[in-house]
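Reading through the structure tokens given below for one structure.
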Amino acid sequence: MEFPTVCPACAGENRAEFTDSSVHDLTCAHCGARYCVFLRKQKFEVLFDLGTRALMDGYAREAVASFAAALERFFEFYVWAFTLERAANAEQEFGAALAGLEGTWRHVASQSERQLGMFALAYLLREGREPDFLTARGLGTDFRNRVIHRGALPTRAEVEAYAALVFALIDRLLTELGPGAAHAELAQEQVFAAHLAGLPDGVTAVFEEHPGMFRARRFGGLAPTPKLSPQPVPGQVPGQARKPGKAVNDARAYQQALFRQALEERGALLRSFKGPPLNVPPGRE
């Protein structure tokens, strides 16, 4: 899938394909200038936004695959953040800690169950409690397997519920990580620095941050939807049923409300990931 980027030389819009490294070496289709876009966005963020984009376009089944992949890659991100944070607290040199982590991860890179085990241990060591959300219900595993492995055709409502579950879980864990997430983000900056050092003369480096669902929560103004108890009825006798309140109390309804709030905040901007070029200077079509 592509995203739009603006040439630093002529301001013409080009479209680039996402890469695993988030490094994009480009040549402007309008003026021929060479530039390199460094996209400050983690892979789980890209995958989740692609799932959102597919859902908005009506591709429900394809959206499930992206949301499921986003969750797996977030578990990897969490392991990296925890390991590098722990190394920093022990005053271990970053390069050595990163090399050890990369070497260890290679042993589980193609085995999702082992990756999940590493995440579970990392969560226990960091938070001091069991990751009790790692259940089939908590991860939406049955639904995911029906769609991805058994070819089920889900409804949009089912996919929205699954997306909300994944969003709420990642959002919660990112909140718990807090500043600890910066340690994994620093690993991406190391990749950028190495590529930047090797760029030839005449190539302009551009650092970009594209709108994302999780960046709205971490760096924007998006606030969580409050979870309040139902409101008491005036004059009600203790023990009687209460009138439902306006806020969200049911766990799954809360997840969906939070996801819809994030989607409303960033949905329009995510549309720029796909579609015809925008803002092309006159005469450069």
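- Applying the ring-ring contact (aromatic ring centres under 6.0 Å, His included) test to F192 and every residue at least two apart in sequence or in another chain returns F38.
- Evaluation of the salt bridge (charged side-chain N to carboxylate O under 4.0 Å, His left out) test over residues 189-207, restricted to residues two or more places apart or in two chains, returns R40-E189.
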Point to revise | Criterion salt bridge (charged side-chain N to carboxylate O under 4.0 Å, His left out) on K41 and D49, from CA distance to verdict | key: CA-CA 11 Å; K41 200 166 192 174; D49 285 347; 2.7 Å; yes
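- Here the side chain of Q111 pairs no donor or acceptor atom with the backbone of R114 at under 3.5 angstrom.
- Using a 4.5 Å cut-off on side-chain heavy atoms (C-beta onward), H195 and C36 make contact.
- By the rule that hydrophobic residues join a cluster once side-chain heavy atoms approach within less than 4.5 Å of another member, L55 and L47 end up as members of separate clusters.
- Here the side chains of L199 and D25 are in contact, with some heavy-atom distance below 4.5 Å.
- With sequence neighbours left out, the ring-ring contact (aromatic ring centres under 6.0 Å, His included) criterion links F94 to no other residue.
- V166 and M56 fall within a single hydrophobic cluster, where Ile, Leu, Val, Met, Phe, Trp and Tyr side chains are chained together by heavy-atom contacts under 4.5 Å.
- Note that OG1 of T19 is 3.5 Å distant from NE2 of H24, once rounded to the nearest 0.5 Å.
- Between A81 and G180, the closest heavy-atom pair is CB-O, 3.6 Å.
- Across all non-hydrogen atoms, the minimal contact from A70 to I170 is O-CD1, 4.2 Å.
- Side-chain contact between N14 and P4 is absent, with no heavy atoms from C-beta onward closer than 4.5 Å.
- Pairing each heavy atom of L173 with each of F119, the nearest pair is CD1-CZ, 3.8 Å.
- Residue pairs meeting the salt bridge (charged side-chain N to carboxylate O under 4.0 Å, His left out) criterion with at least one partner in residues 77-86, sequence neighbours excluded, are E85-R126.
- Atom CD in Q92 sits 9.0 Å away from atom CG in L84 (nearest 0.5 Å).
- Remark: F67 engages F48 in a ring-ring contact (aromatic ring centres under 6.0 Å, His included) (not counting sequence neighbours).
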Practice item. Please assess Q188 against S22 for the test side-chain contact (heavy atoms from CB on, under 4.5 Å), listing each intermediate value before the final yes or no. Key: CA-CA 8 Å; Q188 184 182 66; S22 292; 3.5 Å; yes
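- Annotation: the span from L116 atom CG to F75 atom CZ amounts to 6.0 Å, rounded to 0.5 Å.
- H183 meets the ring-ring contact (aromatic ring centres under 6.0 Å, His included) test with no other residue; sequence neighbours excluded.
- Qualifying side-chain hydrogen bond (donor to acceptor under 3.5 Å, both in side chains) partners for R106, counting only residues two or more places apart in sequence or in other chains: none.
- For residues 152-170, the set of pairs meeting the salt bridge (charged side-chain N to carboxylate O under 4.0 Å, His left out) definition, not counting sequence neighbours, comprises R156-E160, E160-R260.
- With sequence neighbours left out, D20 forms a side-chain hydrogen bond (donor to acceptor under 3.5 Å, both in side chains) with K43.
- Heavy atoms only, all atoms of each residue included: C10 and C7 are closest at N-SG, 3.5 Å.
- The number of heavy atoms from other shown groups lying within 6.0 Å of CZ (R172) is above 12.
- The aromatic rings of F44 and F74 sit perpendicular to each other, their planes meeting at more than 60°, with 30° as the lower class boundary.
- Taking 4.5 Å as the limit, some side-chain heavy atom of Q115 sits within range of a side-chain heavy atom of W105.
- For N145, there are no side-chain hydrogen bond (donor to acceptor under 3.5 Å, both in side chains) partners two or more places apart in sequence or in a different chain.
- Rounding to the nearest 0.5 Å places CG of L71 at 12.5 Å from OG of S66.
- With a 4.5 Å cut-off on side-chain heavy atoms, F18 and E2 do not count as touching.
- Applying the salt bridge (charged side-chain N to carboxylate O under 4.0 Å, His left out) definition to pairs two or more places apart or across chains, those involving residues 58-72 are E72-R144.
- Salt bridge present: R129 and E176 bring a charged side-chain N and a carboxylate O closer than 4.0 Å.
- In this structure the side chain of T5 never reaches within 4.5 angstrom of the side chain of E13, judged on heavy atoms.
- In terms of heavy-atom proximity, E130 sits nearest to L124 at N-CD1, 4.2 Å.
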Practice item. Kindly indicate, with the supporting measurements, whether the criterion side-chain contact (heavy atoms from CB on, under 4.5 Å) is fulfilled by Y78 and M118. Key: CA-CA 10 Å; Y78 187 102; M118 290 184 71; over 6 Å; no
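- The cluster map of Ile, Leu, Val, Met, Phe, Trp and Tyr, joined by side-chain heavy atoms under 4.5 Å apart, puts V191 and L98 in different clusters.
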Side chains of residues 132-139: which donor-acceptor pairs under 3.5 Å do they make with residues two or more places apart or in other chains?
| residue | atom | partner | partner atom | Å |
| --- | --- | --- | --- | --- |
| T135 | OG1 | G138 | N | 2.9 |

Practice item. Would you check, one step at a time, whether the test side-chain contact (heavy atoms from CB on, under 4.5 Å) holds for I148 with F143? Key: CA-CA 9 Å; I148 294 179; F143 172 74; over 6 Å; no
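- In terms of heavy-atom proximity, A9 sits nearest to C31 at CB-SG, 4.1 Å.
- Expressed to the nearest 0.5 Å, how far CG of L26 lies from CZ of R15 amounts to 12.0 Å.
- With a 4.5 Å cut-off on side-chain heavy atoms, Q42 and E76 do not count as touching.
- A 4.5 Å side-chain heavy-atom check between F77 and L174 finds at least one atom pair inside the cut-off.
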